[in-house]
Amino acid sequence: MKCMGLDLGSVTLGVATSDALGWIASSLTTIRFAPNDYDAALKQLLPLIQENRIETIVLGLPKHMNGDIGEKGEICLAFKAMIEEQCDVPVVMWDERLTTVAAQKLLISQNVSRAKRKKIIDQMAAVQILQGYLDSKK
C-alpha cells in the first residue's frame, strides 16, 4: 500500500511517500505557497497524489504537549476535509508532536548545513510523520 505523509505549515507543505510495500518513508518534495493559501497548496498536491498512486494520506496533526488541538491543529483538520473533498483517498491524522525537532536532530547529526536544513526540514518532518504511521501498522 503506497502512502503519503504531509507536514502542513503556513507557507510550506512537506511531502513524503512510502515504498510500494508501505515499509519505508522517503522525502519527496516541499510545496511552497503564499501565506495561509491552502487552496494553492492543495492544487499542487493533487497531481502528486495521482502520479504516485497514493492509497492513504497521513497528515500531521499538531497538538499542544497536553494533547489539546490548537489553531494550527484546526487548520490541519480543515485541510484534511479539503483533500477528502477533492480526491477519493482516505486521510489519517497523525500526532506530529516533536517530529520537526526529531527531523532537526537527524539533519544536524548528518552535518547538513543550516541553509540546506531550512530547505528540507518540512520534507524530513513529513518523513517522520509517515514513518511513525508505517511503523504502527507493522
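Because the structure is predicted, anything quoted here is derived from the model rather than measured. Computed over heavy atoms, backbone and side chain alike; hydrogens, waters and symmetry mates excluded.
Shortest non-hydrogen contact noted between Gly60 and Ile129 is CA-CD1, 3.7 Å.
The shortest distance between side-chain heavy atoms of Val89 and Ile49 falls below 4.5 Å. Counting heavy atoms from C-beta outward, Leu45 and Phe79 have side chains that approach closer than 4.5 Å. Residues Met93 and Leu77 are in side-chain contact: their nearest non-hydrogen atoms beyond the backbone lie under 4.5 Å apart. The side-chain heavy atoms of Leu61 and Trp94, taken from C-beta on, include no pair separated by under 4.5 Å. Using a 4.5 Å heavy-atom threshold, the side chains of Thr56 and Met4 count as separate. Val58 places none of its side-chain heavy atoms less than 4.5 Å from the side chain of Leu6. Side-chain atoms of Val127 and Asp7, non-hydrogen and from C-beta on, never get closer than 4.5 Å to each other.
Put simply, Leu46 and Ile57 are part of the same group of oily side chains (I, L, V, M, F, W, Y) that touch within less than 4.5 Å, one to the next. Val92 is connected to Leu130 through a chain of hydrophobic side-chain contacts under 4.5 Å among Ile, Leu, Val, Met, Phe, Trp and Tyr, so both are in one cluster.
Applying the salt bridge (Lys or Arg N to Asp or Glu O under 4.0 Å) test to residues at least two apart or on different chains, the pairs with a partner in residues 80-91 are Lys80-Glu84.
With sequence neighbours excluded, no residue satisfies salt bridge (Lys or Arg N to Asp or Glu O under 4.0 Å) with Lys72. Listed by chain and number, the residues in a side chain to side chain contact (heavy atoms under 4.5 Å, CB included) with Glu51 are Pro47, Leu48 (sequence neighbours excluded). Scanning for salt bridge (Lys or Arg N to Asp or Glu O under 4.0 Å) contacts around Asp135 gives Lys138, with sequence neighbours left out. With sequence neighbours excluded, no residue satisfies salt bridge (Lys or Arg N to Asp or Glu O under 4.0 Å) with Glu55.
Note that CD of Gln128 is 13.0 Å distant from CD of Gln123, once rounded to the nearest 0.5 Å. With values rounded to the nearest 0.5 angstrom, Glu71 atom CD is found 11.0 Å from Cys76 atom SG.
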Anything under 3.5 Å between a donor and an acceptor, one on a side chain of residues 33-44, the other on a protein residue two or more places apart or in another chain? List them.
| residue | atom | partner | partner atom | Å |
| --- | --- | --- | --- | --- |
| Asn36 | OD1 | Tyr38 | OH | 3.1 |
| Asp37 | OD1 | Ala40 | N | 3.2 |
| Gln44 | NE2 | Arg32 | O | 3.1 |

Can you give the donor-acceptor pairs under 3.5 Å from side chains of residues 10-25 to other protein atoms, not counting sequence neighbours?
| residue | atom | partner | partner atom | Å |
| --- | --- | --- | --- | --- |
| Thr12 | OG1 | Asp122 | OD2 | 2.9 |
| Ser18 | OG | Cys3 | N | 2.9 |
| Asp19 | OD1 | Gly22 | N | 3.3 |
| Asp19 | OD1 | Trp23 | N | 2.7 |
| Asp19 | OD1 | Ile24 | N | 2.8 |

